[in-house]
Amino acid sequence: MSDILEEVKQDNNITWSEDDEYLINLIHRAENRISDYAGKEINISEDSDARSLLISLVRYMRNKCEDQFEKNYISDILMLRARYRIANMNENEDREEETAV
């Protein structure tokens with residue numbers, strides 16, 4: 001969490017620690033939203049595209065304009081969703097092949 005917190009603070013030009021709890025709360029909310037976009041729980045530490053979206057979403061949340069996020073990042077959200085749907089389809093096909101054997 002501390003890595004993501006530091007990235008969020010850098011993105012928002014925050015050098016103080018007084019807002020860390022507030023930012024951590026926003027990060028958790030943003031993680032849930034990004035996972036909802038993808039259709040499954042995502043490990044933000046392992047997915048750089050999802051991590052980038054999360055950092056941007058936290059910036060929008062912090063500036064009280066999160067309603068504009070989807071509009072401005074729709075192509076990135078759709079790409080993320082498509083990538084995870086394809087991965088899920090491939091996993092399901094692999095499982096079917098394993099059970100058929």
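All figures in this text were calculated on a predicted structure; none of them were measured in a lab.
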Got a sec, which pairs hit salt bridge (charged side-chain N to carboxylate O under 4.0 Å, His left out) with one end in residues 72-87, sequence neighbours left out?
D47-R83, D49-R83
Presence of salt bridge, E31 and R51, under 4.0 angstrom
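Here R51 does not pair with E31 in a salt bridge, since their nearest N and O are not under 4.0 Å apart.
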In chain order, what residues pass the side-chain hydrogen bond (donor to acceptor under 3.5 Å, both in side chains) check against [X], with sequence neighbours excluded?
X   : value
D11 : R59
K64 : Y22
Q10 : none

If you link I, L, V, M, F, W and Y whenever their side-chain heavy atoms are under 4.5 Å apart, who else ends up in the same group as I86?
none
Give me the other members of the hydrophobic cluster that I74 sits in, counting Ile, Leu, Val, Met, Phe, Trp and Tyr linked by side-chain heavy atoms under 4.5 Å, directly or via other members.
L78
Look up atom CG in L53 and atom CD1 in I77, then write down how far apart they are to the nearest 0.5 Å.
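L53 CG to I77 CD1: 6.5 Å, rounded to 0.5 Å.
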Quick check for you: to the nearest 0.5 Å, what is the distance between L54 atom CG and R29 atom CZ?
11.5 Å
Below 3.5 Å, can you tabulate the donor-acceptor pairs from side chains in residues 36-44 to any protein atom, sequence neighbours excluded?
| from | atom 1 | to | atom 2 | distance (Å) |
| --- | --- | --- | --- | --- |
| Y37 | OH | E70 | OE2 | 2.9 |
| N43 | OD1 | S45 | N | 3.0 |
| N43 | ND2 | E46 | OE2 | 3.1 |

Could you work out, with side chain to side chain contact (heavy atoms under 4.5 Å, CB included) as the rule, every residue matching S75, not counting sequence neighbours?
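If we apply the side chain to side chain contact (heavy atoms under 4.5 Å, CB included) test to S75, skipping adjacent residues, there are no hits.
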Please name all residues satisfying salt bridge (charged side-chain N to carboxylate O under 4.0 Å, His left out) with R62, sequence neighbours left out, ordered by chain then number.
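Salt bridge (charged side-chain N to carboxylate O under 4.0 Å, His left out) check on R62 returns nothing, list empty.
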Looking at residues at least two apart in the chain, or sitting in another chain, which of them share a salt bridge (charged side-chain N to carboxylate O under 4.0 Å, His left out) with D19?
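Salt bridge (charged side-chain N to carboxylate O under 4.0 Å, His left out) check on D19 returns nothing, list empty.
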Residue that, paired with V8, satisfies side-chain contact (heavy atoms from CB on, under 4.5 Å) out of I27, D3, L26:
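With V8 as partner, I27, D3, L26 yield a single side-chain contact (heavy atoms from CB on, under 4.5 Å), made by I27.
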Whether S52 side chain and S48 backbone form a donor-acceptor pair below 3.5 Å:
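Pair absent, no side-chain N/O of S52 close to backbone of S48.
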Tell me every residue that passes ring-ring contact (aromatic ring centres under 6.0 Å, His included) with Y73, counting only those two or more places apart in sequence or in another chain.
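Y73: ring-ring contact (aromatic ring centres under 6.0 Å, His included) contacts with Y60, F69.
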